[in-house]
Amino acid sequence: MLSLPSLLTARVQDAAGIDPEMRPATKPQFGHFQSNVALRLAKQEGRPPREVAQDLVDRIDVSDLCEPLEVAGPGFINFRIKADVLARVATELLADPNTGIDVTDRPDKIVIDYSAPNVAKPMHVGNLRSTIIGDCFNRVLTAQGNRVKPQNHIGDWGTQFGMLVEQILFEGADATQMTLDDSVALYRRAQAHFKSDEGFADAARHRVVALQSGDPQTREIWQALIEVSKRGFNETYERLGVRLTDDDLAGESTYNDDLPLVVADLVDRGIAVRDKGALCVFVEGFETPLIVQKSDGGYGYATTDLAAIRHRVSDLGANRIIYVVGSPQAYHFEQVFAVARMAGYLPDGVRAEHVGFGSVLGKDGHMLRTREGGTVTLQSLLDTAEEVADRPVAMAAVKYADLSNSLHKDYVFDVERMTATTGNTGPYLQYAHARASRILRNAEEQGIEWTPQVTVLDEPAEQTLALLLSRYGEIVAEVGENLQPHKLCGYLYDLATAMSVFYEQCPVLKSDGEVRSSRLALCAATKKVLASGLDLLGIVAPERM
Ligand code: ARG
């Protein structure tokens, strides 16, 4: 597909010799794109900027794409795309099975580490954000033709399982018959028991050893607990409509056998050294060392992540690894990546990125808490949204609220605002899609014939809409590169707004002839981009609302 900004950029760069940094025009009277390249060149050359701009305008060869160029203000160059070029792009978009998204011929192998809830604990809002954001990346990067392998790094290992298994044996409970809620309640009883009963605490500690050394009965109960949690996680994934499946599960326990090998390797190569009994890796620029083996011989979260990186690169063949985990773990990942680089588990050509995100706040502006002060479960959060809207709309509201702010920001979980059908919300975009669908449906019911070609773009509202449509591919490419879903949200919101201006100003069904056909095609192209964009956000695009 023809990408207008990149075409323009290339042509202007030819004439100017430097990157023109094309920007969308700030006002319609400035055309469609703007560049300040002349101002920058003028500074370098010590010449009047308007003169440099005029020189450039005389040399830039874009007459096939643009109306005659204009020099504005102190020396900006304004570009207005010809209506027939915009029309052609909109028509191409309508015919393109990829909706203008560039599909790479050099696919990356991308591991996305997302969701990652902990076994026998309810999923919380942090898991919610990771699940929604990671799933969006999965969809975007897959649409670009990459090979994406999600890895759900669930917390299925650790000393807490000694306590849990011991409590099950103590109660004579049948782990296979539990629900996720049962196992959460069990966790609480086990914790209380552990604190109050020295004998039980001792037994729980021995149980950890039994679990680690593979004692069959212990392992069986542990496995049953994982199954219980998995069922609970899958219910939530289904409810949210995210793409994670059992195939993507690779919990912490996956790496158990690798941990001693990784540590031995780090020791052999002098990367890990003994410090106060523990095996540590000191990394320049970090205040604390990364502990790869505790003095009691145990391995922790960080060692598991090192083993996971090694596996992802050498066994899964990843050349890009994306971790979608809350911002408080930023330091952990920076340090793990640094150690993995030192050890060669993360070779130069492999990108590793931690995409952090902020917290979800209550309406009072504080961390979301239950009335009793406990952590809010994901289940109850989704329930509140489903109280005010049907599932597809409720999930759209929740997901869009999560994706539409820049990720590092905290945001307020405000169900009324999120589910509103006006303003920058998921339901508003769904509504825009339903509206475009309705027009096309009405045309069909009225027997109106039209060809899938945009041919007339005389009205400014039509041009604005077509121009936005032409930018879709570029926006998706940017999200795939920089991993900022709010850019896509902002774009779709602008598109929906431009569509509603178009409806106000340009009658569709009430016009006739070629204009009507062209406007129907423009509606169809808009519907197509909205559907594609919503799908990349993991949001259902309804035909009716
Ligand atoms: N289970 C962890 C938590 O709830 C998140 C795991 C993230 N992934 C990773 N590879 N460390 O905090």
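Order of listing sets the numbers, starting from 1, for every ligand and every atom in it. Scope of the values below: all heavy atoms of this structure, side chains included, with no hydrogens, waters or symmetry mates.
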Trainee: Could you check whether N138 and Y114, counting side-chain N and O atoms only, form a donor-acceptor pair closer than 3.5 Å?
Mentor: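 N138 and Y114 do have a side-chain donor-acceptor pair below 3.5 Å.
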Trainee: Are Y301 and H332 close enough that their ring centres sit under 6.0 Å apart?
Mentor: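 Centroid separation for Y301 and H332: below 6.0 Å.
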Trainee: Decide if the gap between the ring center of Y323 and the ring center of H354 is smaller than 6.0 angstrom.
Mentor: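 Not close enough - the centres of the two rings lie 6.0 Å or further apart.
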Trainee: Looking only at the side chains, is there a donor atom on one of Y299 and N256 sitting less than 3.5 Å from an acceptor on the other?
Mentor: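 No pair is found: no donor N or O on one side chain lies under 3.5 Å from an acceptor on the other.
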Trainee: Between ligand 1 and the protein, find all N/O pairs closer than 3.5 Å and give the distance for each.
Mentor:
| from | atom 1 | to | atom 2 | distance (Å) |
| --- | --- | --- | --- | --- |
| ligand 1 | 1 (N) | A116 | O | 3.0 |
| ligand 1 | 1 (N) | N118 | OD1 | 2.9 |
| ligand 1 | 4 (O) | N118 | ND2 | 3.3 |
| ligand 1 | 8 (N) | D113 | OD1 | 3.1 |
| ligand 1 | 10 (N) | D113 | OD2 | 2.8 |
| ligand 1 | 10 (N) | D305 | OD1 | 2.7 |
| ligand 1 | 11 (N) | Y301 | OH | 2.8 |
| ligand 1 | 11 (N) | D305 | OD1 | 3.4 |
| ligand 1 | 11 (N) | D305 | OD2 | 2.9 |
| ligand 1 | 12 (O) | Q329 | NE2 | 3.0 |

Trainee: Determine whether a donor-acceptor pair (N or O, by modelled atom type, separation under 3.5 Å) exists between the side chain of N146 and the backbone of V148.
Mentor: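 No.
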Trainee: Just by distance, with hydrogens left out, do Y237 and S115 show a side-chain donor and acceptor under 3.5 Å apart?
Mentor: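 On atom types as modelled, these side chains qualify, holding a pair under 3.5 Å.
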